[in-house]
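The sequence lines fix the lettering, A, B, ..., with proteins before strands; numbering per chain opens at 1.
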2 protein chains.
Amino acid sequence: MTETRTLRADAARNRRELLRAAADEFRERGPDASIESIARRAGIGKGTVFRHFASKDHLMAAIVTDRLEDLGGLAESLAGAPDAGAALADFLAASAERQQEQSMAFLAAADPAVLREAGVEEVRERMFQAVYALVDRARGQGAIRADVTGPDVVLLMCAPTHVAEPLAKASPDLWRRYLAIILDGLRPDGARNLPHPAPPAPLP
Amino acid sequence: MTETRTLRADAARNRRELLRAAADEFRERGPDASIESIARRAGIGKGTVFRHFASKDHLMAAIVTDRLEDLGGLAESLAGAPDAGAALADFLAASAERQQEQSMAFLAAADPAVLREAGVEEVRERMFQAVYALVDRARGQGAIRADVTGPDVVLLMCAPTHVAEPLAKASPDLWRRYLAIILDGLRPDGARNLPHPAPPAPLP
DNA sequence: CCATAACCGGACCGAGCGGTCCGCTTACTG
DNA sequence: CAGTAAGCGGACCGCTCGGTCCGGTTATGG
């Protein structure tokens, strides 16, 4: 974003390959994947990485921004669906499916100041707002409990994948099982007991 | 475990302090907490750490073994409770509460061979079996769905804390909210749709 | 086709890590 | 109370990492 004019052809190709390689390395080796291994995987030199991104954290921010924009766009495209409950379930399924292959967990290791500087917060906030809208419509249609809030669902988004993570390789579809359990827990029917207040509106 | 006879008094005190300091550091700084910072926090030198534990991974294994034994003992003590559904809920609440202050996430960074050598697997397996027993009794009493397995519940154990983690500091009791939602999802009443098979029996 | 600026990449640097070593200190024992 | 082995801890080592730099290379405009 806010790129300098007319990136040279080979530079553009290297940048694309670099982002792809970095995403793969972070997924396989976690936040500690080395810049050198990423560069090797992309078929470029270490110096070229720092030509494209000021630091490792900036590289992480770029990857995560792409994914948040993708998710936000998906949520927005579901905004007008007639069955809001199904739309919400579809969104959560798509979100979990993406996390299966592209975790964002490595983000925790990055410097928050860099994330802010790279504009991650704005993109994330936009995605959150789109999810909140889905939740509000689903609640309005009685598809989920009256006391379930938008932030609740955002917090629960990562849960199915996280639960199934220890067996993700052996049963790559297992997250569906736990998404189904969680969706059941959100349904309005049945005797329930939800203690404690909803989370504060903005996630930090 | 299998300690040499009669640890000297100061050595025993240092070992206790070391374990406490290491747990705190891992919680605050994650798996990358340095041995040096742990030693400083415990008021001892770096060399003393390696006198007590052969490597950083062995230190992690010792911490995690303590906690697994604690959890396993709790599950076993609940084995005979008359209301098996309530016993299971109590256990999951206690488990989440412990995780709130003593995460085991850093375990992922340790060498599996060392964990095996330190006997973590046996302790974990014993804890799992105790949980499976709780689940079986709860299912037998109709407190949870018939198609929910022991491994399901083990996988779900960490979920409430993980969901609430982004707000753990601001709302330290928030995990209760998500434990309640998940327990609702496990209840037998209502129309449900659980696709996909149960996970394979042993967790790797 | 040439000039030039943008780009590339590997050699290099300093920091911080896990782990080792050994001279000094301190708690037990006869 | 003295001898001694166990315990201690900080200096030190080798390694890997993120990040810098500059000589060589390649795309592009006149």
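- Atom-to-atom, CZ of B/F53 to P of C/dG19 comes out at 13 Å; the value is rounded to the nearest Å.
- Atom CZ of B/F50 and atom P of D/dG10 are 14 Å apart (whole Å).
- Looking at the side chain of A/A11, the nearest of the listed nucleotides D/dG18, C/dC8, D/dC8 is C/dC8.
- Across the protein-nucleic acid pair, A/R40 atom CZ and D/dG18 atom P stand 12 Å apart, rounded to whole Å.
- A salt bridge does not link B/D184 with A/R187: none of the charged nitrogens is closer than 4.0 Å to a carboxylate oxygen.
- Side-chain atoms of A/S95 and A/Q99 include a donor-acceptor pair closer than 3.5 Å.
- The two residues B/D57 and B/L115 make their nearest non-hydrogen contact at O-CD1, 4.4 Å.
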- Message: Show, in sequence, the C-alpha distance, side-chain angles and deciding distance for A/D24 and A/R27, and conclude whether the salt bridge (Lys or Arg N to Asp or Glu O under 4.0 Å) test is met.
- Response: CA-CA 5 Å; A/D24 288 349; A/R27 178 168 49 81; 3.4 Å; yes
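- We find that CD1 of A/I38 is positioned 15 Å from P of C/dG9, with the value rounded to whole Å.
- Between A/G43 and B/S55, it is A/G43 whose nearest contact on DNA chain C lies nearer the 5' terminus.
- At a cut-off of 3.5 angstrom, counting only N and O atoms as typed in the model, there is a donor on one side and an acceptor on the other between the side-chain of B/K46 and the base of C/dG19.
- The residue A/T48 sits close to a base: some heavy atom pair falls under 4.0 Å.
- For A/I35 and D/dT16, the CD1 to P distance is 17 Å, given to the nearest whole Å.
- The distance between atom CD of B/E36 and atom C1' of C/dG16, rounded to the nearest whole Å, is 9 Å.
- Taking atom CZ on B/R13 and atom C1' on C/dC28, their separation rounds to 16 Å, with Å as the unit.
- Taking side-chain N and O atoms only, A/N14 has no distance below 4.0 Å to OP1 or OP2 of C/dC7.
- If you check the side chains of A/S37 and A/E25, you find a donor sitting under 3.5 Å from an acceptor.
- With hydrogens and angles left out, the side chain of A/R8 and the base of D/dT28 share no donor-acceptor pair within 3.5 Å.
- Heavy-atom distances to DNA chain D give each of B/I44 and A/G47 a nearest nucleotide, and the one nearer the 5′ end belongs to B/I44.
- Using a 4.0 Å heavy-atom distance criterion, A/A33 is classed as a sugar-phosphate-only contact.
- Nucleotides of DNA chain C nearest to B/K56 and B/A9 differ in position, and the one nearer the 5' end is that of B/K56.
- Note on A/H52: a side-chain N or O is less than 4.0 Å away from OP1 or OP2 of C/dC8.
- One atom, CD of B/E17, and another, P of D/dC8, lie 13 Å apart when rounded to the nearest Å.
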